[in-house]
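Report on one structure; see the data block that follows.
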Amino acid sequence: MARDLKLHRLHAKQRISRIRETVAELKRGRGAELATLITHAVDKFDRAVKEFDTRVANEKRDLKGADLQKVMRSYSKKFERLAPQLDTIYYNLARYRHCVDREDVAIGLQHLLDVLMDELVGAEVDPMIYLDSVPMYSTVPLVDLLNEFDPESGINPAEGYTGRQPIVVNLPALDPDNALLAPVLAHEVAHTAVQRSLSRLARERMAGKREEMRERARGIAGDEADDWAAVFDSWVDELMCDAVALVVSGPSFMFAFHGYLPPSNVPEISEHPAVRDRMRFHLWVLEKLGWLPLLNARVPSLMRWYAEVSRDVPLSGHPAETFLRGAIQSVEGDVLAVAQEYVSSPFVPVDDDETLALACEHLHKGVPAVQISGQVLSTWMVVLAGWLAVFQGKDRPVEAMKAIHDRAYNAVLLKALELSSVVTKWEEARQEEEDERTNT
Amino acid sequence: MTVRTVDRAYEPDVDTRFVAQVSSLGALADDVVIDIIRARAGVSRLSESKSLKSAERLIESVVAQRRDPADAWTHPRSSEAVRWLMKLPVETSPGPSSGDDAGIERLEKLSGALQAACRDEASDDQLKVLTRFFDGISDSTMHAARAAVHNRGSLHAWLAI
């Protein structure tokens with residue numbers, strides 16, 4: 001057994017060395033905080049090996065014969081147990097190491113991600129883009145992922161980590177540079193906020209309603225009511241992310257959503273609410289946020305289509321479906337309230353219609369204009385102008401799908417996003433200089 | 001039709017979270033076994049064992065949940081460790097009781113043995129039961145963590161103890 005212990009100890013040490021060597025070879029630049037986090041994590045494992053060594057030495061002093069043999073078997077397992085844990089670190093490093101300082105994704109999109117992370121997660125974030133073979137959008141907060149160990153009994157690799165937090169943003173590998181779908185990223189980044197705090201806040205806010213739901217669900221489903229609760233929680237999280245995305249990016253999220261996820265004709269109960277129910281929620285939220293006058297004026301046919309589609313939901317008639325659709329509707333106000341309280345800089349309905357009209361006009365002609373009448377267009381104003389330009393003169397749902405796949409048009413929008421971010425920073429720096437001059 | 005959910009959050013194909021949580025449970029089990037061996041050899045006291053106290057709290061919460069399952073509508077989701085232990089096979093030896101009652105009975109015995117051990121009052125039989133139980137947890141969690149990495153997914157292996 002003693003020999004096994006040495007083998008497993010060496011196995012762990014070698015895994016740690018390989019991880020450290022790879023970290024040393026990582027590039028610097030965007031996403032380089034991956035190196036800081038992984039180093040922090042493997043330091044913990046190194047300390048664990050040292051601690052086990054000390055304990056083994058003490059056991060050899062204190063115990064003899066069969067007792068020592070038995071206790072060494074447990075220590076051997078403790079060393080062996082490090083391997084799968086280190087393998088997950090190895091896996092995350094191997095998977096995401098190419099995301100550091102990547103140059104194959106438009107800088108405009110990277111700027112947009114910075115804006116989103118800053119707004120929804122906090123400034124201490126280092127976003128990394130991973131090109132995923134599954135054509136979907138999602139995020140992985142790596143610190144949260146490595147922070148799952150029980151500190152009382154195991155090694156918690158991320159515990160005590162104070163550096164900027166690497167958050168992986170998964171983009172469809174064959175179509176990463178899609179500016180029109182950028183609002184979908186707002187939904188995905190919101191998942192991190194939901195996981196960290198909004199889910200709990202929503203649960204607290206709707207505690208009374210949940211008790212009523214439990215009683216009703218038990219009356220209908222008996223023991224299966226707990227499964228319904230899991231689906232309900234998942235639906236609340238998804239609607240919360242939708243609400244945050246709508247508050248942050250305005251109607252662009254609704255346009256991106258139907259272009260990315262066309263309304264299904266099949267009834268389903270999954271971890272997401274039905275697409276058509278979500279579209280109804282989007283319309284309702286935009287009405288509450290005061291966007292409908294602008295939308296009804298600019299895209300009237302599209303708005304009629306949204307209303308129609310969200311009323312025409314294919315249903316299975318299953319009791320769970322009926323119950324859950326009713327339950328989720330009863331908490332929509334709570335979901336929106338939590339989202340609104342969370343977002344500190346919402347994208348409010350545009351007053352100056354002339355600026356928006358001019359921005360649309362320029363983008364329609366392929367000009368990435370970002371400063372109109374002295375006003376710099378914000379990130380989400382650029383995206384909204386981009387979407388409204390798509391529907392200019394042809395406000396039909398199919399135009400969204402066509403525009404999403406128009407690479408040239410998306411390139412113009414990405415350039416506009418890049419310029420908007422550059423000019424905004426430039427203006428901020430100029431203002432700071434001016435303030436400094438005034439003060440002196 | 002049964003309503004089922006899959007993991008809500010995005011997971012890559014190796015479930016880091018699952019490996020982390022079952023390894024944590026396994027590490028606790030290893031420490032409990034070590035502390036029992038040391039106590040039986042007379043070199044330390046179980047009343048001073050931190051891991052035994054953690055294990056006692058854990059098993060107590062599993063017993064409470066088996067007796068009165070926390071309903072998902074009003075309680076937050078329990079930890080991976082608790083959910084693992086909730087899946088303990090209930091029939092381990094032939095006897096008059098069966099089903100949930102047998103499982104709870106067995107967990108209550110464990111909980112009683114842990115409480116006695118924490119007061120340095122456990123009998124030899126109780127210490128043997130605890131050693132066998134936590135050795136089993138140690139082996140099963142190791143197997144599950146390894147399988148989750150090698151099979152590229154979280155394998156919720158059955159606890160064979």
Side-chain angles (χ1 to χ4, degrees), chain A residues 55 59 62-64 67 70-71 74-75 77-78 80-81 83-85 87-89 91-92 95 136 138-140 145-146 148-150 152-157 170 188 191 195 200 203 207 210-211 213-214 217 224-234 237-238 269-271 316 318 320 324, chain B residues 1-31 33-34 37-38 40-41 43-44 50-51 53-55 57-58 69 71-74 76-77 79-81 131 135 138-139 141-142 144-150 152:
Chain A
R55 288 175 62 183
E59 304 297 3
D62 294 344
L63 298 171
K64 287 187 178 59
D67 287 334
K70 276 190 242 164
V71 100
S74 286
Y75 280 103
K77 283 205 271 184
K78 284 183 88 66
E80 188 176 350
R81 197 178 298 289
Q85 298 173 69
D87 286 351
T88 64
I89 306 232
Y91 169 84
N92 283 299
R95 185 179 173 94
M136 285 180 71
S138 55
T139 52
V140 187
L145 201 65
L146 297 178
E148 288 289 332
F149 289 57
D150 174 3
E152 262 191 280
S153 52
I155 299 160
N156 182 337
N170 294 303
E188 296 304 333
H191 266 295
Q195 201 176 315
R200 178 181 48 79
R203 214 180 159 103
R210 291 180 70 97
E211 280 189 28
M213 285 174 201
R214 175 189 58 188
E224 218 184 282
D226 267 17
D227 292 334
W228 292 12
V231 180
F232 175 78
D233 285 339
S234 178
D237 286 356
E238 293 300 335
I269 308 176
S270 72
E271 66 273 22
S316 69
H318 188 274
L324 287 163
Chain B
M1 182 172 74
T2 302
V3 181
R4 294 194 190 286
T5 51
V6 293
D7 258 354
R8 274 176 275 154
Y10 172 86
E11 287 292 354
D13 48 3
V14 169
D15 191 341
T16 303
R17 193 169 279 130
F18 176 78
V19 173
Q21 294 192 355
V22 293
S23 297
S24 186
L25 178 59
L28 175 68
D30 291 335
D31 283 337
V33 172
I34 290 169
I37 297 168
R38 287 176 60 82
R40 293 181 86 175
V43 294
S44 63
K50 281 184 191 165
S51 48
K53 282 192 180 70
S54 295
R57 281 197 298 272
L58 187 63
D71 85 89
W73 286 100
T74 49
R77 198 168 184 238
S79 72
E80 191 74 46
T131 305
D135 245 341
S138 169
D139 292 350
T141 50
M142 180 90 79
R146 265 201 314 241
V149 175
H150 296 158
R152 294 174 173 248

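Excluded from the calculations below are hydrogen atoms, water molecules and symmetry mates; all remaining heavy atoms, backbone and side chain alike, are included. Just so it is clear, the model here is predicted, and its values are computed rather than measured. Numbered from 1 within each chain, the chains take letters A, B, ... in sequence-line order.
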Q: Could you walk me through whether B/D135 and A/K77 pass the side-chain contact (heavy atoms from CB on, under 4.5 Å) test, one step at a time?
A: CA-CA 10 Å; B/D135 245 341; A/K77 283 205 271 184; 3.3 Å; yes
Q: For side-chain contact (heavy atoms from CB on, under 4.5 Å), just list the numbers for B/I37 and A/E59, CA-CA rounded to whole Å, side-chain angles, deciding distance to a tenth of an Å, and then say yes or no.
A: CA-CA 11 Å; B/I37 297 168; A/E59 304 297 3; over 6 Å; no
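Rounded to the nearest 0.5 angstrom, B/I34 CD1 and A/Y75 OH are separated by 4.0 Å. From A/K70, atom NZ reaches atom CZ of B/R40 across 6.0 Å, with rounding to the nearest 0.5 Å. Once rounded to the nearest 0.5 Å, the distance linking CZ of B/R146 with CG of A/D87 reads 10.5 Å. Atom CE of B/M142 is separated from atom NZ of A/K78 by 10.0 Å, given to the nearest 0.5 angstrom.
A pairwise comparison of heavy atoms in B/W73 and A/R203 identifies O-NH2, 3.8 Å as the closest pair. The two residues A/L63 and B/R38 make their nearest non-hydrogen contact at CD1-CG, 4.3 Å. In terms of heavy atoms, A/S74 sits closest to B/V33 at OG-CG1, 3.6 Å.
If you measure heavy-atom distances from A/A217 to chain B, the contacts under 4.5 Å come from the side chain alone. For A/R200, no part lies near chain B; criterion is any non-hydrogen pair under 4.5 Å. Heavy atoms closer than 4.5 Å to chain B are found in both the backbone and the side chain of A/E80.
Checking side-chain atoms of A/R81 against main-chain N and O of B/S138 turns up a donor-acceptor pair under 3.5 Å.
In this structure, A/D226 has no salt bridge (charged side-chain N to carboxylate O under 4.0 Å, His left out) partners at least two apart in sequence or on a different chain.
Comparing B/G26, B/A55, B/S44, B/A41 by heavy-atom pairs within less than 4.5 Å of chain A, the highest count is held by B/G26.
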